[in-house]
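Basis for what follows: all heavy atoms, side chains included, without hydrogens, waters or symmetry-related copies. Proteins come first, then strands; the chains are lettered A, B, ... in the order of their sequence lines, and each starts at number 1.
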Amino acid sequence: MKNRVLRTLVIGLGLAATAFAPAASAQDRPSTMEIVKRANQASFYAGDDGRTEARMRIVGSSGREQVRQFTMLRRDGDQGRQQYLVVFSRPADVRGTVFLVEKNPGADDNRWLYLPGLDLVRRIAPGDKRTSFVGSHVYYEDVSGRDIQADEHELIETTDEHYVVRSTPKDPDSVEFAYFDTRIDRDTFLPMESEYVNADGKIYRRMKIEEVKEIDGYPTGVRMRMEDVANGGHTLVQFRYNAYDLGIPESVFSERSLRNPPREWLQRPER
Amino acid sequence: MMRFDYYKRHARTRLALLAGLVLLPLASVAQDDAWGDDPWASENVSPWSWYGFVEGAAGVRTDENPLIDEDMPLGELRLQVEGEYQGDGATWDFKLDGIADGVEDDFTGNVREAKVSFTLGERTDVRAGRQILTWGTGDLVFLNDLFPKDWVSFLSGRDREYLKAPSDAIRTSWFGDNVNVDLAVLPFREPDVYIDGTRLSYWNPRAGRRVAAPPKLRTTEPARTVENSEAALRVYGMAGDQEWAVYGYRGFAGQPEAVDTDTGRPTFARLDSLGASLRGPLGDALYNLEFAYHNAPDDPDGDDPRVPNDELRFLTGYEREAFTNFNVGVQYYLEWMQDYDAFRETYPFATDERPEEKRHVVTLRLTWRLMRDNLVLGLMNFHSPNEEDSFIRPTVEYRITDQLYFNTGANLFEGQSPATFYGQFEPDSSVYARLRYNF
């Protein structure tokens, strides 16, 4: 009995010593789930809230180009819940369209769309989140984040710069991929590249962050490319005028903002 | 008759000419390279922004309508110009439509919107001027949304946007922590754009048959007085994921279903309405429930044949994504006359075509989004099992580029009787196509 207590103490001290050791060793590498959580945090939960302007250049497989431009406001709630307000400014026919999302990780999101020409607030039925976001190659889920509990994650490689995590769906029938591999930056924990692999073992879709900037202390992907490897075509997304921790009140994410977008929060930050 | 034919030919020519004038530059328009012109920088430089579109639209009846010579219910070229001015305290915007109309053979201009929007204090938004007003939970079914509709546009094949006609109104919205209030005051009565026989024929119960122009349906308008102003109220909020709303309305019916005692012409009955709705998630789908009680204050007992009866309206709907990018929506809708015994006893026309006490309608909407939403195939079907009539509305929307949009579809009616709501339009079934260039 006495022996066991002593042994526990010794092991405990030993563990503490390794944890405080400055040199990298196997023990201080975060667990796979920790990496995935931190990557999710870095990509979708920087700060308590945020705003960004985005523009997309959508290049179809035939080379035909389309453009989308919008401003997006975000506010984080409890237990991973988030609210998004997306206000479109281009092209002309979608200008004034506003999209409101209440994201519930692990459950259906609440989504509304305001169509200004009809003065209509439409509630959108819950749907497959792996479908085109406003006509681009980017999916809804790429914008608001895929529920990290929906996949099994495995650390398959650690390079000098990246953790490479393989994510395999718990419910394979619910998605179009067999698995996807993500290269996560070891410093910023931003997912720099994701390759989606189908049942035939072929990469058919690739996401790549092409430029990162530090904004308000948060490393932020400001240039992203989503490529349809199987059919050709890609969407290039640029983010600008990002700002975090603005103190956007919850009331901004309501029907009021659908009909009357909140100029106070949509305008560019002064800096 | 000669003169009439001459006009028709003349109109066609003019339309063809105009269509050519639009399509020619369209064909040569280079892709607008919005990426190259750095839209980041251009924003907020000027408080003014300008938009618009040019659209050519043509619709052809699927069968000859013996009552209307013109076989096209739709043939027009439309230019819309939209301007917005963002001032410090207010936003001003307007939308103007200019139409070269080959069916009625004229050029018209419409102010679709001309409004100012501003915020008063922390919790109040005001929108004043000509505007589109919409609320309620129905999908192309309206119970508590008694704002003006343009049925002529909708049934002849114009863009869905034109189903809503503008109102001159002051809309005040107050936002509380849990409860919000919308009040729309329309100083002058705004009726629907009703079917007058020019593009579409309609059932005339007095004549006991379908009729069309000439002569156009002429109505007697209630006086433009303060007492005849209209007001619509909505009190609404969220309870968890559920949206609730209570509605009130005081004004006039949108359709000329009453008869004016002095002129003998159709007119618009007074209408008061009270209703409520719920909308929210149900499993992996959405549901909605709505009812409205339409009260005709000029006919409390329902025994005045010149005034429509009180009516209870009820709607329930369900929508879900059946599979990826394919949505299915179903609705059940009821119109229930409240003083039917009195209505039946005093019904002044032939009893064969007398409306039934209840009108049941089921709707089915299928929407299939393809090619990253650039191609949307839709089908909306309205069917009344007891009136045995249907309205089938297939649509194809194709986004060719950000600027160029192609739409085609059909408005198909059928019915066992010419006196039922959809049945009356059977000879007006048509197919249409529209090409729009946005700028």
Side-chain angles (χ1 to χ4, degrees), chain A residues 53 55-58 60-61 64-69 71 89-96 102 104 107-110 112 115-128 130-137 176 228 233 235-236 238 240-241 251 254-256 259-260 262-264 267-268, chain B residues 31-35 39-40 43-44 49 51-53 82 86 91 95 117 119 125 127 131-135 137 147 159-161 163-164 173 175 177 180 236 238 241 243 279-281 284-286 288 319-321 323-325 327 329 369 371-374 399-403 405 436 438-439:
Chain A
E53 283 172 46
R55 60 177 182 176
M56 293 178 161
R57 180 161 56 175
I58 306 163
S61 51
R64 208 154 59 196
E65 288 189 11
Q66 293 190 26
V67 167
R68 303 288 182 273
Q69 190 168 331
T71 303
S89 51
R90 279 189 186 219
D93 66 322
V94 298
R95 191 186 63 92
E102 290 176 4
N104 300 309
D108 286 321
D109 296 346
N110 290 321
W112 291 265
L115 303 169
L118 286 160
D119 183 45
L120 177 68
V121 175
R122 225 181 68 195
R123 193 156 181 169
I124 304 173
D128 189 343
R130 299 193 63 74
T131 57
S132 169
F133 178 71
V134 294
S136 73
H137 296 86
E176 83 288 356
D228 182 346
T235 294
L236 193 65
Q238 284 184 311
R240 277 201 208 173
Y241 307 105
S251 62
S254 66
E255 180 167 337
R256 182 182 195 176
R259 290 178 194 271
N260 183 13
R263 275 162 75 176
E264 181 190 352
Q267 69 190 5
R268 287 178 183 164
Chain B
Q31 281 252 303
D32 178 18
D33 186 13
W35 202 246
W40 300 108
E43 209 167 345
N44 294 343
S49 15
Y51 305 89
F53 65 79
E82 186 181 351
Q86 288 230 344
T91 302
K95 248 183 212 180
S117 314
T119 295
D125 290 347
R127 232 165 60 174
Q131 56 188 300
I132 307 295
L133 292 163
T134 301
W135 61 46
T137 66
F147 302 115
D159 190 282
R160 192 174 63 122
E161 203 167 299
L163 170 59
K164 298 294 292 194
S173 304
F175 301 92
D177 292 330
N180 311 303
Y236 67 102
M238 296 272 297
D241 290 341
E243 296 165 62
R279 179 165 69 178
D284 57 355
L286 285 183
N288 61 297
E319 190 197 345
R320 76 181 287 256
E321 189 177 77
F323 54 86
T324 298
N325 288 327
N327 278 49
R369 300 189 311 280
M371 300 166 64
R372 286 195 326 277
D373 301 354
N374 286 314
R399 187 185 185 90
I400 303 165
T401 66
D402 281 341
Q403 286 73 41
Y405 227 86
R436 179 181 285 200
N438 291 298
F439 56 86

Shortest non-hydrogen contact from [X] to [Y]?
{"X": "A:A92", "Y": "B:Y51", "value": "CB-CD2, 3.7 Å"}
{"X": "B:D373", "Y": "A:S132", "value": "OD2-O, 4.0 Å"}
{"X": "B:T134", "Y": "A:R259", "value": "O-NH2, 3.6 Å"}
{"X": "A:N110", "Y": "B:P281", "value": "OD1-CG, 4.2 Å"}

Measure the [atom1]-[atom2] distance between [X] and [Y] for me, rounded to the nearest 0.5 Å.
{"X": "A:S251", "Y": "B:F175", "atom1": "OG", "atom2": "CZ", "value": "10.5 Å"}
{"X": "A:E176", "Y": "B:T324", "atom1": "CD", "atom2": "OG1", "value": "8.5 Å"}
{"X": "A:R130", "Y": "B:N325", "atom1": "CZ", "atom2": "CG", "value": "12.5 Å"}
{"X": "A:I58", "Y": "B:R372", "atom1": "CD1", "atom2": "CZ", "value": "6.5 Å"}
{"X": "B:I132", "Y": "A:L120", "atom1": "CD1", "atom2": "CG", "value": "12.0 Å"}

Which atoms of [X] approach chain A - backbone, side chain, both or neither, heavy atom under 4.5 Å:
{"X": "B:N374", "value": "side chain"}
{"X": "B:R160", "value": "both"}
{"X": "B:F323", "value": "neither"}
{"X": "B:R279", "value": "both"}
{"X": "B:E82", "value": "side chain"}
{"X": "B:Y236", "value": "side chain"}

Would you say the side chain of [Y] lies within less than 4.5 Å of the side chain of [X], judging by non-hydrogen atoms?
{"X": "A:D119", "Y": "B:R127", "value": "yes"}
{"X": "B:N288", "Y": "A:R123", "value": "no"}
{"X": "B:T119", "Y": "A:R256", "value": "yes"}

I need the single residue from A:R64, A:R68, A:R95 that forms a salt bridge (charged side-chain N to carboxylate O under 4.0 Å, His left out) with B:D402. Which is it?
A:R68
Has A:R263 got more than 12 heavy atoms of other residues, nucleotides or ligands less than 6.0 Å from its CZ?
yes
Under the criterion side chain to side chain donor-acceptor pair (under 3.5 Å), I'd like the reasoning laid out for B:R369 against A:T131: C-alpha separation, chi angles, the key distance, then a yes or no.
CA-CA 10 Å; B:R369 300 189 311 280; A:T131 57; 4.5 Å; no
Which portion of A:P91 sits near chain B, non-hydrogen atoms under 4.5 angstrom
side chain
Checking A:S254 against chain B: side chain, backbone, both or neither under 4.5 Å from a heavy atom?
neither
Among B:N327, B:L133, B:N180, the residue with the most heavy-atom pairs under 4.5 Å to chain A is B:L133
Between A:N260, A:D108, A:V94, which residue shows the highest count of heavy-atom pairs closer than 4.5 Å to chain B?
A:N260
Using a strict 4.0 Å threshold on nitrogen-to-oxygen distance, state whether A:D93 and B:R399 make a salt bridge.
yes
